[in-house]
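Heads up, the thing below is written out as structure tokens.
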Amino acid sequence: MSTLSQNINSDVHEEHEHHEENWVTKYLFTTDHKMIGKQFLITGLVWALIGGALSLIFRLQLGFPDMNLDWLRPILGEWITDSGKIDPNFYLALVTMHGTIMVFFVLTAGLSGTFSNFLIPLQIGARDMASGFMNALSYWLFFISSVIMLSSLFIETGPAAGGWVVYPPLSALPQAVPGSQLGMTLWLIAMVFFIASTLIGGINYIATIINMRTKGLSFNKLPLTIWAFFLTAIIGLLSFPVLFAAALLLVFDRSFGTSFYLSEIYIGGEALPNVGGSAVLYQHLFWFLGHPEVYIVLLPALGITSEIIATNARKPIFGYKAMIGSMLGITVLSFVVWAHHMFVSGMNPFLGSIFMFLTLIIAVPSAIKVFNYLTTLWKGNLQFTTAMLFSIGLVSFFISGGLTGIFLGNAALDIQLHDTYFVVAHFHLVMGSASFFGMMAGIYHWFPKMYGRMMDEKLGYLHFWLTFVGVYLVFFPMHYIGIAGFPRRYYSFTNFDAFSSFTDLNTFISIAAILTMSAQFIFVFNFFYSMYRGRKAPLNPWKSTTLEWTTPRVPGHGNWPGKVPVVYRWPYDYSKPGAEDDFIPQTVPYSETKSSNLPHENELIELEEEINREDEKVTEPQN
Amino acid sequence: MSTHLSYVKIIDPNKEPDAPLSMHPQKFALWLFIVSVVMIFAALTSAYIVRQAEGDWLVFNMPSIFWFNTLVVALSSVSMHFAYIYAKKDNQNKLKFATAITAVLGFAFIYGQVKGWGDLVDQGVYFVGNPAGSFMYVLTGLHLVHLLSGIIFVIVLLAFVFYNKVNSNKMLNMEMCSTYWHFLSGLWIYLFLFLLLNN
Ligand code: HEM
Ligand SMILES: [Cu+2]
């Protein structure tokens with residue numbers, strides 16, 4: 001026992017020992033990456049419920065245009081008109097806030113923030129992030145941003161209402177709609193805090209992954225989760241500053257009277273003084289972030305899925321190098337396709353065809369990833385855990401939503417489809433649902449490591465099937481509605497005869513949406529119930545190979561009570577022929593697995609001894 | 001720090017054991033921060049070019065004091081570099097002097113930039129008006145904001161220097177401050193040439 005505690009002292013970073021924690025430093029102003037990850041998770045889940053609730057309100061309007069919504073008055077107050085309808089301005093605000101919340105607060109901060117923070121140190125064998133202070137700062141900036149954004153829901157003129165892309169001139173002119181007044185200002189302020197939070201977080205993730213991997217963990221032995229978080233952080237580092245630049249110029253236009261985006265505009269018959277601005281300029285700047293942003297949302301989910309599918313198929317991931325290569329490809333290409341969102345903006349058509357070409361190329365790495373998921377599943381010894389089901393669900397959405405992307409990527413087809421429900425269907429499947437499923441898969445898979453307890457599998461299955469079926473019921477019909485020409489963000493379609501034959505379909509979607517949202521409370525219950533009452537988790541519940549499963553059931557500050565483990569092999573040695581078990585953790589040296597080694601792996605044994613010698617030089621040997 | 005660095009040691013059994021990546025995390029983070037600042041200015045200068053190509057662009061003379069300011073900021077980089085060398089050589093007196101000179105030149109630059117804005121106003125180029133002018137103010141202004149943060153860093157460094165906390169064994173603050181400062185003067189030179197060539 002005494003040798004063990006000696007080891008702890010010699011190894012654990014000084015600040016980690018004799019660390020009396022009180023409630024404030026443990027749960028609130030903590031610098032422990034695991035707690036910060038959980039802070040992001042809980043905040044993200046709260047936002048998900050708010051964002052979901054907003055969508056139900058506007059689905060009520062779309063599905064039941066004649067319904068009397070007086071019963072919502074206690075919550076929405078004046079936003080329900082005297083005739084029991086949603087105020088059209090508030091409808092726009094709802095759509096805008098739903099998009100903003102889901103894209104940025106849930107699927108960026110809630111997903112990347114949670115899993116990058118929680119998993120990076122655990123999976124690379126580090127005691128904590130490169131800078132615990134910056135990490136905490138990143139969360140608290142996100143929190144401030146959240147508070148500001150939330151408060152904008154309660155002000156008299158309502159929150160921002162120009163869509164989550166906040167295109168000027170609409171967003172630049174307070175006199176245009178109520179949603180461009182104080183709400184828009186708060187939106188911009190909140191986003192500045194959000195950008196700062198994302199950048200600080202991302203800088204930390206990159207610095208940690210590059211500088212703090214444990215011995216033996218070279219880049220070609222990294223779990224795909226870490227690769228995904230790494231590339232996500234790089235995309236964020238390069239694209240969020242551009243959003244900052246775009247927002248800055250918008251602030252000047254709104255509040256100081258400059259004309260970066262404004263030109264020759266008449267409001268109420270009167271000409272504004274602004275001349276010489278260009279609204280398309282904003283679109284370029286915005287989508288230079290906007291398109292990479294969709295991959296910021298998706299890549300972590302793809303990384304999480306790779307890990308879960310390999311573990312639960314009990315097979316090495318198919319094409320590990322190809323997976324990394326396609327993620328690198330996506331990272332690079334995501335910066336050169338932005339103008340496919342602007343085919344009908346009046347942009348030069350020649351430029352359009354270049355962007356069309358580049359856009360269709362990005363389908364290639366995406367397809368490689370899908371292919372590799374399917375081949376990993378193929379003939380696997382599939383373990384249908386809840387996390388596995390959600391991962392397979394992600395693959396399904398990625399395929400069905402990715403296909404429509406290829407339609408939209410054709411500039412000629414996009415003339416018809418742009419700004420219709422077809423686009424809504426596309427991105428809700430490929431981005432919204434796929435990433436949401438990745439997030440859920442991650443929660444079900446790593447819950448045992450986060451809280452030391454298991455979530456209930458039966459409730460998990462129920463949650464999965466209801467959500468999976470529900471998502472298709474909600475978004476599949478939107479393709480038809482979109483092809484029929486329904487524009488997105490319209491308050492009401494009852495005035496158009498052409499659309500009356502689709503009223504039933506819209507009602508159907510709304511009912512499906514309500515049911516799907518209700519099913520999420522099964523998850524909420526399961527999550528909080530299991531946190532306190534769940535079955536105690538075994539150390540390695542999924543028989544996984546990665547480092548986080550070598551920590552104690554509930555790891556403390558510093559993650560490993562003894563030495564940090566050393567890594568000898570890649571993370572996907574599942575069902576290796578000749579091996580005793582159907583998985584070999586990354587910490588098992590080749591010298592101990594002679595029966596399953598491949599010829600070139602036997603040659604590595606010598607080098608392992610070198611690693612061990614290095615190891616002994618650095619810290620005292622363990623017993 | 002020494003135990004910390006040992007975790008950083010990376011060995012790739014496929015090849016020779018790699019040399020440890022010895023970049024200090026804070027220095028590394030500073031570089032990443034610089035990358036994000038570069039992206040902001042890349043975005044704004046691209047926006048400038050895109051907007052200029054659309055025509056209706058006010059042409060005016062760049063304030064001639066900007067030439068002078070460019071010289072000042074370049075000199076401040078030189079004095080910063082001297083400070084760095086003196087710190088390495090543990091020449092405390094000259095270190096103090098060179099760091100102080102850097103701060104003074106920094107303030108001179110700020111003064112010159114503000115004066116440049118005055119010249120613009122005298123020419124009738126305002127922040128509000130044709131985007132050509134607005135861009136001029138935004139680019140120079142945003143650079144000045146970053147330069148202010150740099151000056152604060154230099155002053156903090158100066159305090160460290162006067163408390164004898166910078167020497168050949170304690171170079172971290174010196175290295176980070178000089179990296180940032182050189183970046184800021186390089187950024188100005190880029191902006192200056194950019195504005196000169198794309199008037
Ligand atoms: C197969 C590859 C893909 C192609 C070719 C593609 C193409 C497109 C195109 C051309 C549009 C613009 C449609 C329009 O507004 O008229 C679009 C919209 C969108 N795509 Fe994709 N996409 C692909 C994959 C993805 C992925 C993987 C994601 C997210 C993870 C994504 C998220 C989005 C979003 C969020 C929008 C709509 C943004 C908005 O207007 O609000 N797409 N896509
Ligand atoms: Cu896109």
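Residue numbers begin at 1 in each chain, while the letters A, B, ... track the order of the sequences.
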Heavy-atom distance under 4.5 Å to chain B: side chain of A/Ser131, backbone, both or neither? neither
Would the number of heavy atoms belonging to other residues, nucleotides or ligands and lying under 6.0 Å from NE2 of B/His182 be above 12? yes
Tell me the closest heavy-atom pair linking A/Pro241 and B/Ser36, and the distance in Å. CB-O, 3.3 Å
Are B/Leu44 and A/Leu249 packed together at the side-chain level, in the sense that at least one heavy-atom pair is separated by less than 4.5 angstrom? yes
Relative to chain A, which segment of B/Leu142 carries a heavy atom at a distance below 4.5 Å: side chain, backbone, both, or neither? side chain
Correct closest heavy-atom pair for B/Pro25 and A/Ala130 would be CB-CB, 4.1 Å
Pick one of side chain, backbone, both or neither for A/Leu238, based on which atoms fall under 4.5 Å of a heavy atom in chain B. both
Indicate the atoms forming the closest heavy-atom contact of B/Ala43 with A/Val242, along with that distance. CB-CG1, 3.7 Å
Inter-residue atom distance B/Phe28.CZ - A/Asn211.CG, 0.5 Å rounding: 5.5 Å
About how many Å separate CD1 of A/Ile195 and CD1 of B/Ile40, when rounded to the nearest 0.5 Å? 8.5 Å
Got more than 12 heavy atoms from elsewhere within 6.0 Å of CZ, B/Phe153? yes
Would you mind checking which part of B/Phe33 comes under 4.5 Å of any heavy atom in chain A, side chain (CB onward), backbone (N, CA, C, O), both or neither? both
Whatever's closer than 4.5 Å to a heavy atom in chain B on A/Ile206 counts as both
As an exercise, state the distance from CG of B/Leu32 to CD1 of A/Ile200, rounded to the nearest 0.5 Å. 12.5 Å
Heavy-atom contact with chain B under 4.5 Å, split by part of A/Phe252: side chain
Count the heavy atoms of every other residue, nucleotide or ligand shown that sit under 6.0 Å from NZ of B/Lys115, and state whether that count exceeds 12. no
Is it true that, when you exclude B/Phe66 itself, more than 12 heavy atoms of the residues, nucleotides or ligands shown sit nearer than 6.0 Å to its CZ? yes
Pick whichever of A/Leu285, A/Asp253, A/Leu243 has the most heavy-atom pairs under 4.5 Å with chain B. A/Leu285
Could you check if a side-chain atom of B/Val138 sits within less than 4.5 angstrom of a side-chain atom of A/Phe260, using non-hydrogen atoms only? yes
Within 6.0 Å of CZ in B/Phe60, more than 12 heavy atoms from elsewhere: yes
For B/Trp31, I'd like to know if atom CH2 has over 12 heavy atoms of other residues, nucleotides or ligands within 6.0 Å. no
Check whether B/Phe135 gets within reach of chain A through its side chain, its backbone, both or neither, counting any heavy atom under 4.5 Å. both
Using heavy-atom distances under 4.5 Å, tell me whether A/Phe244 contacts chain B through its side chain, its backbone, both, or neither. side chain
How many angstroms lie between atom CZ of A/Phe288 and atom CE of B/Met39, to the nearest 0.5 angstrom? 4.5 Å
Are there more than 12 heavy atoms of other residues, nucleotides or ligands under 6.0 Å from atom CZ of B/Phe194? yes
Nearest heavy-atom pair of B/Val128 and A/Gly257: which atoms, and what distance? CG1-O, 3.1 Å
Counting only non-hydrogen atoms closer than 4.5 Å, does A/Leu248 touch chain B with its backbone (N, CA, C, O), its side chain (CB onward), both, or neither? side chain
Take a 6.0 Å sphere around CZ of A/Phe335 and say whether it holds more than 12 heavy atoms from other residues, nucleotides or ligands. yes
